[in-house]
Amino acid sequence: MAVNYREFQKLNLPVIEQEMLAKWNENQAFEKSVSLRNDAPSFVFYEGPPSANGMPGIHHVISRTLKDLVCRYKTMRGFQVSRKAGWDTHGLPIELGVEKELGITKEDIGKKISVEEYNRKCREAVMRYKDKWDDITKKMGYWVDLNEPYITFENNYIETLWYLLSKMYEKGLLYESVSIQPYSPAAGTGLSSHELNQPGCYRNVKDTSAVAMFKAVKDEKSAFLFDAIKDQNKEVFFMAWTTTPWTLPSNLGLTVGGRINYVLVQTFNPYTHLPVNVVLAKDLLGKYFKPEAENTGFEEYKEGDKVLPWRILTEFKGAQIEGCQYEQLLPYEANSMESITALNPDAKPFRVLIGDFVTTEDGTGIVHTAPDFGADDFRVGSKYNIGGFSGINKYGKLEKLVLVDRTGKFVEGLGEFSNRYVKNYKDEKDYVDVNVDISVKLKKENRAFKVEKYEHNYPHCWRTDKPVLYYPLDAWFIKTTALKDRLVALNKTINWKPKSTGEGRFGNWLENMVDWNLSRSRFWGTALPVWKTEDGAEEKCIGSVPQLKEEAAKADKALGTNNARLMNDLDLHKPYVDEIVLVSESGKPMKRVPDLIDVWFDSGAMPYAQWGLDHEKLKAGDPMPFKEPFSKNFPASFIAEGVDQTRGWFYTLHAIAGLLFDSVAYQTCVSNGLVLDKTGNKMSKRLGNVVDPFKTIEQYGADATRWYLITNASPWENMKFDLEGIKEVQRKFFGTLYNTYQFFALYANVDGFAFKEAYIPLEQRPEIDRWILSSLNTLVKKVTEYMDDYEPTQAGRVIEEFMDEHLSNWYVRLCRRRFWKGEYEHDKICAYQTLYECLETVLKLMAPISPFFSDALFQNLNAVTGRHKVESIHHADFPVSNPAAVDASLEERMQLAQDSSSLVLSLRKRVNIKVRQPLQKVLIPVLNKHMKNQIELVEDLIKSEVNVKEIEYLTEDNGFIKKKIKPNYTVLGKKLGGKMKAVAAALAEFTQEDIAKLEKDGTISLQIDNEPLILQTNEVEITSEDIPGWMVANKDALTVALDVTVSPELVSEGNARELVNRIQKIRKDSGFELTDRILVKVTEHQELNQSIAQFNNYICAEILADKLELVPELPDGTEIEVNDIPIKVFVTKKA
RNA sequence: UGGCCUGUAGCUCAAUGAUUGGAGCAAGUGCCUUAUACGCACAAGGUUACCGGUUCGAGCCCGGUCAGGCCAACCA
């Protein structure tokens, strides 16, 4: 049965895509694309789980296009690529969404609504938009297994997380410590960074600020300071500024910048008027001293003088005072040395430290460091081990003590400040600011240099409107820093696209790594599987459900608890896990610590948790006891997400794999940029500039959208998204492809071409066929290289270029006649086979990027020829470049033909002679034998393309040609360097004889700066000069000249061609079939008669007329103009 | 505030350290067409964000500034 190639009515990508979707669904095309590769090597891909509690946006389409095209490409290259979808289901955004929906706050949870009920709401909310996500996934053509996704809230997922955490615990990588977090004493709760970023949280407030003076201790390190002092007052003070004087009793260090310049200044204390020597940053002298008072007035200075005399005694870098000691500023019982060393005998408080966070923007360039109340302070304090305070807790046990309690007031043991609130947290009417009192005390004691109200931006609790404190809270950490070097080393083995994300952004992040704070004090999330006795002395980390059940049963037996009731329908979430009581080694009850863990641990653990824990393997002691097919799916060959994931998913995947398994989690990581709106703004709901991916795909099709997203800019660049760009892709690329296919189908259906004939060897095909096939194979090679290098943008662009410039606008245009003229024989079959192969190959090349249309056309082609035994292009193999088909010389001369044609056409335009008007001659100066040979081989092509009768070659022999010479800068520059200019000048002086000599001998010797120099042909570029008296145009080494004289004979022929064109238009307007024979009558006209008579045969052949008659009158004829000559024609279809 | 990325025509993007910085889109004019989609040609459009440096030669390399973006922070 002869089956025809399907022809389309018009190009409607969305409709074609819907048909393909239905077909894929029906044939299980995705599942087959995986199962057909069952015995193939794996290419491992991990899907980063999106959160389904928000609508998908266009930016999701770009990263998913990237992921999909790589997976499809690798499948076509013969790998098996299984792709499991996943859902991120825990975390703050979900909780906040639910809180908003229910109109409650965090405080209400457990009061107005039970934790059980609240978590049930979260669980429901999480999958709210799952349908939409599934829908966009399918519509955009993202092939991923949606039927068996991993879901982070499921028990088996959480169990794997517990296993991983317990392994960390065993290795000593999971520990409890304090971290400095925003804390609201008024609300009695820690605040997340999210809460702190609520509008209105940062407010300008006026606080009492103080520059405190810390008295240096003289020792070896500080001796140089003391030596610089000339008079008898041998006291040195470090000046440090604070906007929170209440933190001064907690001071344990002073931090300076190692590279910052500091000075020791002799002056007077403005409050006590005592002579003092103070240290501060040189850049900040102006804040405290007036320039005119330098080096003057020391003798005259008296109490009450506004202007302080000052002089610089010495200058030094911060690094020089590292380790200097000073006297404690406000010593009391609670912050005594005893308190500091009780828990930490090695502590070295009251030292000068070096920190990279110190600036000279404000203050004194010396930072008062109280590790309990600042994250930077805490970090630098830990580094130098400056210690902390301790006291006796309510169990009578010695423990860490913070000098301000959780209600915001000083603890006992701080003298007159004990039990006073550090800010007015209780709205006391007669609240006396303790900060003022501290400042006053310092002033009196000669320990304050400047006390003033200072306005600054400070965070406030969004619920109580009270200032936030930075406060040390207990938290659980993963000790990533312990394996920092290993993580850095592993990162160097990852192939990052672009490189800068891996080396810069990610690499720097690893270099400056801090331990991973896992704790979250929320409700909906993975519970930290650590149980503790009340006194904190014993703890246990649970690593699996069976272990939990065993421990629970043990406790029921030992303590008489009723854990059993929770075990049947076990849910590893709050509040259920919190109700489980375990028993310690010593027989005490243990309760779970209240913390949940960072959701990023959830997603970073997906390589293992997506499969779940294999209890058999676990029992057998397998170090990687995860269910199959885990072993075939670790690590990932490839992942891709937005660059915003660098410190998110990319990091947590890397950290977990590196810490537990000493492996990378992924070998290649592509990070894509942001999608901005067309004016470059970030898309946000607030600005209303978000692009709805559903509408876009519905209107323009997923293929055009995907192609646009990939080819417009490299994935890692931020891209400005503009619907006009999709329209352009649709029109230009898909339109051209569609038309090329339609053209093929039109004639192949007429001739019944079905690729039944044997493949005609290349050497038996015409030059132009060999040329396009050579270009095609070159294209395949390039696309393969780009795809292997994760450069889909470049791949797409070369496909576009081939489709447009080579296949459609050169090959098909030049070969049109071969398809509709003549019998179905050798040349025609060559043309069909060639065009078919080009189409089929291009479709396969583009299939990963635009999977729908390529499959549709492929299936249409394959339905007739059956060349591939596959149901879908996505089951076929990717094309392999055949080097034997590539002929570089042929590609070069075709380029010459294209360039010459383009130049001749530009000349025609300049003199306004249309292409239908034949011209006699083109002159081409040829510089050498090779060039002449090349052009001769494509001479016929050029002649017909530009409608000229002959090409004449100008060589040196016929004396027409004049040559120009100039240096080849690239080659010569490397060799000569500074002599370039002299050589260029010398070449400018070259005569025709010099050039000829160089060409003949291959070398020529010059005198440059009185030194001999040998030049070779490849070190210069020789081009032709304009031809005197002719119209010329040139491009690179190619020059053409056109003979623009139009003889009467040429006019006559031009008229004939013009007439053909008009009649073809009439044929078309009349709706005749391509093969219809016609009869034509034309009215006589003096200027046309001769032409029609002379070219009668030619005209008839072109327009498929059996007869062309000249008649005097044609009342019913159509009026037309042939080169401004009015005539009438009458066309009838032959019966 | 820091780390990273980006800055080229009105717009979207090109340009191994090299001759005169190129395409497409948009706007204008003409041409070609048995594919009606495209294309070709002409003309126009540029202080390559700015300043300095290295180099015989810089859009490209180096330093700084400015602007936009992302991430992390906002601490004295």
Side-chain angles (χ1 to χ4, degrees), chain A residues 10-11 180 193 196 202 209 240-244 247 255 356-359 361-370 373-377 457-459 470 498 500-501 503-509 512 642-648 673-674 676 678 680-682 711-713 716-720 722 724-725 727-728 731-732 734-744 746 797 804-805 808-810 812-813 816-817 820 901-902 905-910 912-916 966-973 976-982 984 1021 1061 1064-1065 1067-1068 1072 1074 1102-1104:
Chain A
K10 62 174 220 182
L11 178 60
I180 311 301
S193 58
L196 225 50
Y202 277 85
S209 74
W241 178 65
T242 180
T243 54
T244 51
T247 59
T255 309
D356 55 9
F357 56 90
V358 181
T359 66
E361 298 286 310
D362 266 322
T364 62
I366 302 179
V367 177
H368 142 61
T369 302
F373 303 117
D376 284 333
D377 305 37
N457 211 357
Y458 197 82
Y470 288 84
S500 62
T501 302
E503 285 171 2
R505 197 184 263 228
F506 195 64
N508 289 342
W509 166 251
N512 300 315
V643 69
D644 53 342
Q645 292 295 329
T646 307
R647 288 160 186 197
L674 281 278
L676 311 171
K678 63 178 170 185
N681 294 311
K682 195 186 174 182
T711 57
N712 184 60
W716 34 88
E717 309 261 6
N718 287 348
M719 100 153 338
K720 292 179 190 167
D722 189 357
E724 288 301 316
K727 276 191 211 167
E728 191 183 324
R731 223 178 38 232
K732 218 174 127 149
F734 287 92
T736 305
L737 174 62
Y738 162 80
N739 277 294
T740 308
Y741 169 82
Q742 288 282 83
F743 174 85
F744 168 82
L746 182 66
R797 285 179 181 174
D804 224 49
E805 284 176 28
S808 172
N809 281 301
W810 194 250
V812 173
R813 203 155 55 84
R816 273 184 309 228
R817 282 171 171 265
W820 55 267
S901 303
S902 144
L905 292 174
S906 84
L907 290 174
R908 273 181 173 277
K909 164 68 192 173
R910 232 184 282 171
N912 268 323
I913 300 175
K914 62 172 104 176
V915 180
R916 267 197 299 273
K966 61 182 163 185
N968 181 334
Y969 283 89
T970 319
V971 177
L972 218 45
L976 296 179
K979 291 183 195 154
M980 275 302 295
K981 283 195 171 140
E1021 280 169 21
N1061 173 267
Q1064 295 290 21
K1065 198 167 161 50
R1067 274 188 70 111
K1068 188 167 193 89
F1072 295 165
L1074 291 179
E1102 288 295 310
I1103 62 176
L1104 292 187

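Chain letters run A, B, ... following the sequence lines, proteins first, then strands; residues in each count from 1.
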Any A:Tyr470 side-chain nitrogen or oxygen under 4.0 Å from OP1 or OP2 of B:rC75: yes
Under a 3.5 Å limit for both distances, which nucleotide forms a Watson-Crick or G-U wobble pair with B:rA72, could you say? B:rU1
Measure the distance from CD on A:Glu805 to P on B:rG22 and round it to the nearest whole Å. 16 Å
Note: for A:Thr711 and A:Asp377 on RNA chain B, the residue whose nearest nucleotide lies more 5' is A:Thr711
Would you say a side-chain N or O of A:Arg817 is under 4.0 Å from OP1 or OP2 of B:rU34? no
Rounded to whole angstroms, how far apart are CH2 on A:Trp509 and C1' on B:rC4? 13 Å
Expressed as a whole number of Å, how far does the P atom of B:rU65 sit from that of B:rG3? 11 Å
When rounded to whole Å, the NZ to P distance for the pair A:Lys727 and B:rA37 reads 16 Å
Dump the intermediate steps for salt bridge (charged side-chain N to carboxylate O under 4.0 Å, His left out) on A:Arg731 and A:Glu728, then the final yes or no. CA-CA 5 Å; A:Arg731 223 178 38 232; A:Glu728 191 183 324; 5.5 Å; no
Let me know the distance between CD of A:Glu728 and P of B:rU12, rounded to the nearest Å. 12 Å
Atom-pair distance (CH2 on A:Trp716; C1' on B:rG7), nearest Å: 19 Å
What integer number of Å spans the C1' atoms of B:rC56 and B:rC74? 50 Å
If I pick the C1' atom on B:rC38 and the same atom on B:rU48, what distance separates them, to the nearest angstrom? 32 Å
First encountered from the 5' end of RNA chain B, between A:Ser808 and A:Val367: A:Ser808
Rounded to whole angstrom units, what separation is found between the CZ atom of A:Phe744 and the C1' atom of B:rC38? 20 Å
Assign A:Arg797 to base, sugar-phosphate, or nothing according to its heavy-atom contacts below 4.0 angstrom with the strands shown. sugar-phosphate
Main-chain N/O of A:Phe743 paired to A:Arg816 side chain as donor or acceptor, under 3.5 Å: no
What interatomic distance, in whole Å, is found between P of B:rG2 and the corresponding atom of B:rA58? 31 Å
Which part of the nucleic acid, if any, lies within reach of A:Gln742 when heavy atoms closer than 4.0 Å are counted: base, sugar-phosphate only, or nothing? nothing
In short, A:Thr740 meets A:Ser808 closest at the heavy-atom pair OG1-CB, 3.9 Å
A:Asn712 side chain: which of B:rC38, B:rA35, B:rC13 is closest? B:rC13
Expressed in whole Å, how much space separates the C1' atoms belonging to B:rG17 and B:rA72? 36 Å
What are the two closest non-hydrogen atoms of A:Asp804 and A:Lys732, and how far apart are they? OD2-CE, 4.0 Å
Is B:rA58 paired to anything, Watson-Crick or G-U wobble with both distances less than 3.5 Å, and if yes, which nucleotide? none
When you measure from the side-chain N and O atoms of A:Asn739 to the phosphate of B:rC38, is any distance below 4.0 Å, counting only OP1 and OP2? no
Among the candidates B:rA35, B:rC38, B:rC13, find the nucleotide nearest to the side-chain atoms of A:Asp804. B:rC38
Work out how far the P atom of B:rG63 is from that of B:rU47, and round it to whole angstrom. 26 Å
Using whole Å, what does the distance between atom C1' of nucleotide B:rC75 and atom CD1 of A:Ile366 come to? 17 Å
A:Lys732 side-chain N/O to B:rG39 phosphate OP1/OP2 under 4.0 Å: yes
Which atoms form the tightest heavy-atom contact between A:Tyr470 and A:Phe373, and what is the distance? O-CD2, 3.1 Å
Taking all non-hydrogen atoms of both residues into account, name the closest pair between A:Asp377 and A:His368 and its distance. OD2-O, 3.5 Å
Both distances under 3.5 Å, Watson-Crick or G-U wobble: report the partner of B:rC31, or none. B:rG39
Mind checking if A:Thr369 touches a base, just sugar-phosphate, or nothing, with heavy atoms under 4.0 Å? nothing
So which heavy atom on A:Glu805 is nearest to which on A:Trp810, and how close? O-CB, 3.5 Å
Complement of B:rU48, any strand, by Watson-Crick or G-U distances under 3.5 angstrom: none
Strictly by modelled atom types, are A:Thr369 and A:Thr255 linked by a side-chain donor-acceptor pair under 3.5 Å? yes
Interatomic distance, A:Tyr741 OH vs B:rA37 P [rounded to whole Å]: 18 Å
In whole Å, what separates the C1' atom of B:rA9 from that of B:rA43? 15 Å
Assigned partner base of B:rG17, Watson-Crick or wobble definition, under 3.5 Å: none
Take atom C1' in B:rG7 and the same atom in B:rU54, then report the distance between them in whole Å. 23 Å
Taking the side chain of A:Thr740 as its heavy atoms from C-beta onward, which of B:rC4, B:rA35, B:rC70 lies nearest to it? B:rA35
Identify the nucleotide, in any strand shown, that forms a Watson-Crick or G-U wobble pair with B:rC25, with both distances under 3.5 Å; if there is none, say none. B:rG10
